[in-house]
Amino acid sequence: MTLSAQSQSRRTHLRRARLALACVSIAANALFGGGVFTFSLMSPALVAHLKLTQPQLTTIALAGMMGQYPFAAMIGKVVDKYGPWACSIVASCLFFTGFGLFAKEIANTPDDITVPSASSFHHLTVYFFIAGLGTAFSYFSSLFAACKNFPDFIGVASGTSITLFGLSPMFISILASRFFSHPDEGLDVTHLLQFLALSCGAVHLFGAFTLHIIPLPEDLPSVVLEDPEGPVHVDEQTALLHGKRNRTPEIEVRVVAASTVKDGSVIDLVKDHHFWALAFVLFVILGSSEMVISNIGTIVLSLPSYTSSTIVAPSTDMATATQVRLLSVANTLSRLVVGPLADLVSPIAAHLPAGAQSNSRKRHISRVAFLFFSILVLALTYLWMVVGVRSQVDLWALSIGAGVAYGSAFTILPSLVSSAWGIENVGRNFGFLTYAPFLGAPAFSYFYAFNAASHSSGGAVCKGTECWIMTFSWNTAIAFAACGVAMYLWRSWRGQV
């Protein structure tokens, strides 16, 4: 073995070791990144110890949620400019500060108070907002460390990291039940929060050293463009295949009508009408799906538990739990399936000079097809709500449809953004598009809420299909309109995305 071959082998082994460490850190960041979503575990203890009211608890929980979406574009820019490691170290500081101060505030509150302290409530709100902001930095660090280190398999990378992040609340709740709960006293919130401050801080600090974009041993663009039989000049007349060869699979090089924005400025991005078309589709898919996820309990309560054909009617609590489980399973499985499937049938194209793209594997279908599938599933699901749902047992389609659409859309989005506008600013562009659910979720949710309130009396829970029939009628129309927009994107990005 020559000296150059030995050096190349050492570099390859070193890169694999660094990738393995990065994968461990990606998984750890994802699993420890969802601490704010376990607030419901802490709520009973906060009521008992701090005497907080329901509006105050809701405000604290919302502070954790609101710490995520508004800063998404800024966090994406940090990922693009400095790398996932920078987001990880910021998340470490925010988690340590937010959860640590939250625990300190609870520990310093006397046990014998009879009314909630206004100052404690304000402090807890700020501290949970800080933890929520850390959640956003953690999410971006794991997601884009995976996507940028495995650009040829971005569907698998994004789907796996997002799935692990989605399992984070369950993982932390298991730890809380196993190590911080007592049969007589219940959950020890102070020690749980101290544990979260230390563990989340340490895990993300480790990510600051491991979550780097690890370069390939060779410059791939030069390899792609080099032809052993002679130099290749890529222009509009370049053939798709340069002769038949009996060796490694051929790399397809072609010029496509790409988007006018490739790694451009924010102004260029917002001037691209494809960006707004994609944002509208995401507004409908993610916004309306989050409305279903947040309100599935009251939708169950609005319906009778049986029909004339039902032999044994389950209890309302059991029916609600069943729908929640269906949502969760559909959401998780769609993330695990759609990512690898998209990489298999629609491999990511590498962007080359002069507007060319290369594919090392044959593309069978556009990735926009998965987005179209998501919105079509939603449209048919909402139509079923209008024409077919009359009891709680009929709601299975809504739970499965919303879960599949939500998980599929979020899984395919990073690769769509990368293919459409390039990898250089994928974090920033992804961040801007997450404003779609940030605006869509309250829009669809409040439309549902006000419609249900108009059919209820005396503040009681609304009963009957009239509580949501108008909501899902409008949702059906809007979803079919979004199908048309998705078809437009499919045609416009044919051969590119």
Side-chain angles (χ1 to χ4, degrees), residues 21-39 41 61 63-103 127-149 157-176 192-213 335 410-411 413-414 426-428 430-431 434 437-438:
L21 279 176
C23 289
V24 171
S25 191
I26 288 167
N29 275 22
L31 286 174
F32 280 90
V36 296
F37 302 113
T38 61
F39 183 76
L41 291 176
M65 301 300 104
M66 294 301 293
Q68 300 172 52
Y69 280 126
F71 301 95
M74 179 199 73
I75 299 170
K77 187 62 178 177
V78 172
V79 169
D80 295 331
K81 187 173 183 180
Y82 300 104
W85 69 268
C87 285
S88 191
I89 196 171
V90 173
S92 174
C93 297
L94 291 172
F95 280 139
F96 184 79
T97 302
F99 288 135
L101 291 176
F102 204 103
Y127 300 154
F128 214 61
F129 177 86
I130 293 172
L133 184 58
T135 301
F137 274 97
S138 172
Y139 179 82
F140 274 69
S141 70
S142 58
L143 174 61
F144 289 105
C147 291
K148 292 193 175 188
N149 274 312
S158 61
T160 303
S161 61
I162 292 173
T163 299
L164 289 174
F165 184 82
L167 294 175
S168 175
M170 183 181 71
F171 172 71
I172 295 175
S173 67
I174 291 173
L175 295 179
L192 172 61
L193 287 165
Q194 289 172 346
F195 167 76
L196 289 178
L198 294 174
S199 60
C200 295
V203 164
H204 288 82
L205 183 61
F206 175 72
F209 298 98
T210 56
L211 290 183
H212 293 271
I213 309 304
R335 294 172 191 259
F410 256 126
T411 302
L413 183 56
V426 63
R428 181 202 67 188
F430 178 87
T434 58
F438 176 64

Legend entry - Nearest-0.5 Å distance that lies between atom CD1 in Ile75 and atom NZ in Lys77: 14.5 Å
Inset, instruction - List in chain and number order the residues that pass side-chain hydrogen bond (donor to acceptor under 3.5 Å, both in side chains) with Asn149, two or more places apart in sequence or in another chain; answer none if no residue qualifies. - result: none
Inset, instruction - Would you indicate whether Ile89, at its atom CD1, is surrounded by more than 12 heavy atoms from other residues, nucleotides or ligands within a distance under 6.0 Å? - result: no
Legend entry - Closest approach of Thr411 to Gly159 (non-hydrogen atoms, all atoms of both residues): CG2-CA, 3.7 Å
Legend entry - Residues forming a ring-ring contact (aromatic ring centres under 6.0 Å, His included) with Phe430, sequence neighbours excluded: Phe140, Phe144
Inset, instruction - Specify the closest pair of heavy atoms between Ala197 and Phe96, including all atoms of both residues, with the distance to one decimal. - result: O-CD1, 3.6 Å
Inset, instruction - Identify, with sequence neighbours excluded, every residue that meets side-chain hydrogen bond (donor to acceptor under 3.5 Å, both in side chains) alongside Ser142. - result: none
Inset, instruction - Could you pull out the closest heavy-atom pair between Phe95 and Ala131, with the gap in Å? - result: CE2-O, 3.5 Å
Legend entry - Aromatic plane relationship, Phe195 with Phe32 - under 30° parallel, 30 to 60° tilted, over 60° perpendicular: tilted
Legend entry - Student check: side-chain heavy atoms of Ile172 and Leu196 closer than 4.5 Å: yes
Legend entry - Heavy-atom closest pair, residues Ala146 and Ala157: O-CB, 3.4 Å
Legend entry - Phe71: partners by ring-ring contact (aromatic ring centres under 6.0 Å, His included), with sequence neighbours left out: none
Legend entry - Spacing of Cys87 atom SG and His204 atom NE2 [to the nearest 0.5 Å]: 10.0 Å
Inset, instruction - Sorted by first residue and then second, give each side-chain hydrogen bond (donor to acceptor under 3.5 Å, both in side chains) pair with at least one member in residues 81-96; sequence neighbours left out. - result: Asn29-Ser88
Inset, instruction - May I ask you to test the Val426-Lys148 pair for a side-chain heavy-atom distance under 4.5 Å? - result: yes
Inset, instruction - Kindly say whether Met170 contributes a backbone atom to a donor-acceptor pair with the side chain of Ser173 at under 3.5 angstrom? - result: yes
Inset, instruction - Can you see which heavy atom on Gly67 is nearest to which on Phe129, and at what distance? - result: CA-CE1, 3.6 Å
Legend entry - Check against side chain to side chain contact (heavy atoms under 4.5 Å, CB included), Tyr139 and Ile162: CA-CA 8 Å; Tyr139 179 82; Ile162 292 173; 3.7 Å; yes
Legend entry - Any donor-acceptor pair under 3.5 Å from Thr97 side chain to Leu94 backbone: no
Legend entry - Leu205 CG to Cys200 SG distance, which is reported to the nearest 0.5 Å: 12.5 Å
Legend entry - Heavy-atom side-chain contact between Phe206 and Leu21 under 4.5 Å: yes
Legend entry - Identified side-chain contact (heavy atoms from CB on, under 4.5 Å) partner of Phe165 from the options Thr135, Thr160, Leu143: Thr135
Inset, instruction - Decide yes or no for Phe99 and Val36: does some side-chain heavy atom of the first lie under 4.5 Å from some side-chain heavy atom of the second? - result: yes
Legend entry - Pairs where residues 63-72 contributes a residue and the test side-chain hydrogen bond (donor to acceptor under 3.5 Å, both in side chains) is met, not counting sequence neighbours: Tyr69-Glu290
Legend entry - Nearest heavy atoms of Ala72 and Gly431, plus distance in Å: CB-O, 3.6 Å
